[in-house]
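Structure first, commentary second.
Order of appearance sets the numbers: ligands from 1, and atoms from 1 within every ligand.
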Amino acid sequence: MRETQLVLDNWKFKACQEKEWMEAAVPGCVHTDLLRNGIIKDPFYATNEHDLQWIDKIDWEYETQFDVAGELLQASALELVFDGLDTYADVYLNGQHVLSADNMFRTWKADVKSIVTAANNHLRIKFRSPVQEDLPKIDKLGYNLPASNDQSELGGLGAQKISIFARKAPYHYGWDWGPRFVTSGIWREARLVGWSESRIVDVHVLQDSVTAAQASLSVSVEIESEESWSGTVKISADGQVWEQEAALEQGSSIVEVKAVIEQPKLWWSRGLGEAHRYTFTAELVKEEKAVAAKSVRTGLRSVRLVRDKDEKGASFYFELNGVPVFAKGANHIPNDSFITDVTDERYRHEIAAAAESNMNMLRVWGGGIYEQSVFYELCDEYGIMVWQDFMFACSMYPGDEAFLENVRLEAIENVKRLRNHPSIVLWCGNNEIDSAWAEYDEDGGWGWKKEYTKEQRKVIWSDYEAVFHDILPEAVAAFAPGTQYWPSSPLISLTGDINQHAHPLSAEGDIHYWGVWHAVEPFENYNVKVGRFMSEYGFQSFPEYDTVMTFATEQDLALDSKVMRAHQKNGDGNRLIKEYMDIYMNQPKDFPAFLYMSQVLQAEAMKMAIEAHRRNMPYCMGTLYWQMNDCWPVASWAGMDYYGKWKAMQYYAKRSFADTMLSFDRTDDGLVNVHLVTDLLTPIKGELSLRLYDFAGALIKETSALVSMDGNHAAVVSSINEQEWLYGYEAGSVVLYAELVQNGLLTDNKTYYFAKAKDQKLTDSVISITEVEGSNGTAFTFAADALAKQVWVTAEHEGKFSDNFFDLIPGVAKTVQFTHRNEGEAAGKPTAAGKVQARSMIDFLARNETV
Ligand code: BMA
């Protein structure tokens, strides 16, 4: 009998102390069920978060009833399977305790063959409060462990940080962009699974060697059998078949089948080629009949993290199918505080946005979850490489035997679950713990060590080493051999001395550069603090007005209002945005204008950082900004807000990540350099034009030249002398425009300003909007009669434009396309935008300011 299953639904839930049952949605959690039943108000609205902290202090229970019919009832093995229980759960079937769970990242199973009956099976799950469960562990340990982002105070727990005890998404306890909602519930599918004789539990396509000529694979098929038997294990893919005779023992066995594909279609990251995927199907054949089957999808590629010593330090880059790839992308956090609210469409919206923004990598950051399978499937499909953290961030963890064993099983299960995804190119132990603790640098790190005695420090560090230097790498080596493991991000390398811990000027390893923002360094430092691989850096902004209005009223629209403060989780955040805005920009005329300007400020900062990193290729080979997305509507470092709306920065990132890009910088002796950067492998040959315009659109000076450059390369292709070009003109009234044309087609263009934004003499400008003929309201051309900066185009319908927040030079028009955001057929296709509006910086400035 083939494996059959019954997905368990029709759940009810209640607080253990209450009598009344209410309807529940599974997968889901207590918070979303309470909201659906009208018991609580929208957790994201105003300051509601503060009033909902009681939920995690009490126990909750879920129950359902189910009948089992036909084949499933006949199955000789019956198993209850939970893909995710959050977190401390006791499960009872027909009154019998069948399992207890204590890790939301693991799968929980129980043999229930002897308990299940044909009708009215009663399944009950009790979720013990994670707070009550873990509070006593602090006393037992004798001290608090550091957990910088755990908002224990908001949760009514004072300084008691309990997040470190639970193998539960760290961000549930709050973060510097996220609310504190410590959920409980059945967060992934629950089902009854039946099988008889034999079944295939897992198929792993191990890629022993992959080149353009040949892929040599070892396909491991994990089989569970009730009795011993012999037969054939058959693998098929793309019309080819490989077979292996097998004599199976009773119980669990692994059969390995060797497979070779000549001239395979390789899996490439976006920009370098097709992200081709193969489906491999494994079958167990007994007496010429297939008795069990399972298919997996994977892509064939070779990937290597290259850390070769060089004259400056050591390289840090990913080599995909033999090609050094410059990694462009962002850090991903969970898309919602209530992860089961994230539909597949929302995942697609995010990954499609990454691809559209010319990214090729996302980092699944360690304070969230090992993502849902759909996330990785989309990354496979769009050619987005994944830097995968294990779920540990900004904290020290306990190291008792039970905890370590729990972590070991969690690591094995997740590595096994995700190992066929070609997108995953690296597993990383944790986020920022090596540098925060800084074991070998007495005065380094975040000051954590000082809180502990010598003996305590010894224990804490050896517990750290057990997890991140032993258990996790062992799980990767054993279950995804050949996959790179990196102990902590950032890190120089595992030297066991002071040279281990990363700092913003390390010439080896990866870097989180937070000098701009947390340490209030000037944006210009992005040009200087460039490492081999920039895995984090960022700058905050506010979401747009419409998003703010989903949680605030007109009365709340002030930076220091209670509501706006509740939607800013970084203590210094609002002050920092103000401070940097005062330095770099003019005064906004009102609060909505402030929101717009905060986005432009962030976008300009990120453009500087990204382009500096790319100009420094191949010294620097990766740039992942903090952060891609939001988990609720909030002021944060995200480029896309909670509703998936692109902030100014997302459009800027799209331009600065363009596979072939022009970029300017200025040397101290007054040269303005035009850099050309390309990630494409084909050489560049084209005409580079430079034009100097005044803000009214008069062409002052022009030059053009043929330029050529190798593929996968960065170089200065032109330099101009600022003084010469500006002679007789005011720096604040002119703009330099560069354009690269290849074979008659525009490859890229960029503008450069000689004066800081504050000193630019903007004037009123009328922006004309013309619908492109025949586009049915989906494409528009914009033109301005005086220079218009950061033109923000909005549409009546929900969706986005192919470009936005761009500068318009009079005479240099711009055409953009509108795509509607909706599910199904029309998704991502051009549709009518409805009424279109265009505003630019001048419209948001306080009029009494220098404009
Ligand atoms: C980095 C991240 C997060 C944090 C962000 C902004 O350190 O790893 O912990 O949200 O900075 O402070």
If we set the cut-off at 4.0 Å for heavy atoms, which region of [X] has an atom near ligand 1: side chain, backbone, both, or neither?
X      : result
Trp637 : side chain
Ala393 : neither
His518 : side chain

Atom 11 (O) of ligand 1: nearest protein contact (heavy atom, Å):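 Result for atom 11 (O) of ligand 1: Trp514 CZ2, 3.3 Å.
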Protein contact of atom 12 (O) of ligand 1 - nearest heavy atom, named by residue and atom, plus distance: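 So the nearest neighbour among protein heavy atoms is Asp176 OD2, 2.5 Å.
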Criterion salt bridge (charged side-chain N to carboxylate O under 4.0 Å, His left out) on Asp341 and Arg346, from CA distance to verdict: CA-CA 9 Å; Asp341 276 354; Arg346 283 174 66 188; 5.8 Å; no
Close-contact set for ligand 1 against Trp175 heavy atoms, below 4.0 Å: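 Those atoms are 3 (C), 4 (C), 9 (O), 10 (O).
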Enumerated ligand 1 atoms positioned under 4.0 Å from heavy atoms of Cys394: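 Heavy-atom distances to Cys394 below 4.0 Å select 9 (O).
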Ligand 1 contact by Trp517, heavy-atom criterion under 4.0 angstrom: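 In this structure, Trp517 fails to qualify as a contact of ligand 1 - no heavy atom is under 4.0 Å.
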Check against ring pair (Phe, Tyr, Trp, His ring centres under 6.0 Å), Tyr642 and Phe44: CA-CA 11 Å; Tyr642 172 68; Phe44 295 164; 5.3 Å; yes
Residues Asp556 and Lys562 bridged, charged N to O under 4.0 Å: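 Looking at Lys562 together with Asp556, the answer is no, because their closest N to O distance does not fall below 4.0 Å.
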Glu413 bridged to Arg106 by N-O distance under 4.0 Å: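 Judged by the 4.0 Å cut-off on N to carboxylate O distance, Glu413 and Arg106 do form a salt bridge.
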Selected option - heavy-atom contact closest to atom 1 (C) of ligand 1, from Glu536, Lys569, Gln627, Arg363: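 Minimum heavy-atom distance to atom 1 (C) of ligand 1 goes to Glu536.
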The one among Asn570, Asn431, Ile333 that brings a heavy atom closest to atom 8 (O) of ligand 1: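 The residue whose heavy atom sits nearest atom 8 (O) of ligand 1 is Asn431.
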Between Asn570 and Arg575: side-chain donor-acceptor atoms closer than 3.5 Å: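 On atom types as modelled, these side chains do not qualify, holding no pair under 3.5 Å.
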Polar contact flag, side-chain donor to acceptor under 3.5 angstrom, Tyr376-Gln388: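 Side-chain D/A pair, Tyr376 to Gln388: present.
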Check: Phe318 ring centroid to Phe326 ring centroid under 6.0 Å: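 Centroid separation for Phe318 and Phe326: 6.0 Å or greater.
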Test of proximity, Glu432 against ligand 1: N or O pairs below 3.5 Å: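 Min N/O separation from ligand 1 is below 3.5 Å for Glu432.
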Asn149 N/O to ligand 1 N/O under 3.5 Å: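 The answer is no, given that Asn149 and ligand 1 share no N or O pair closer than 3.5 Å.
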His501 and Tyr440: CA distance, side-chain angles, deciding distance, ring pair (Phe, Tyr, Trp, His ring centres under 6.0 Å) verdict: CA-CA 8 Å; His501 315 305; Tyr440 305 108; 5.7 Å; yes
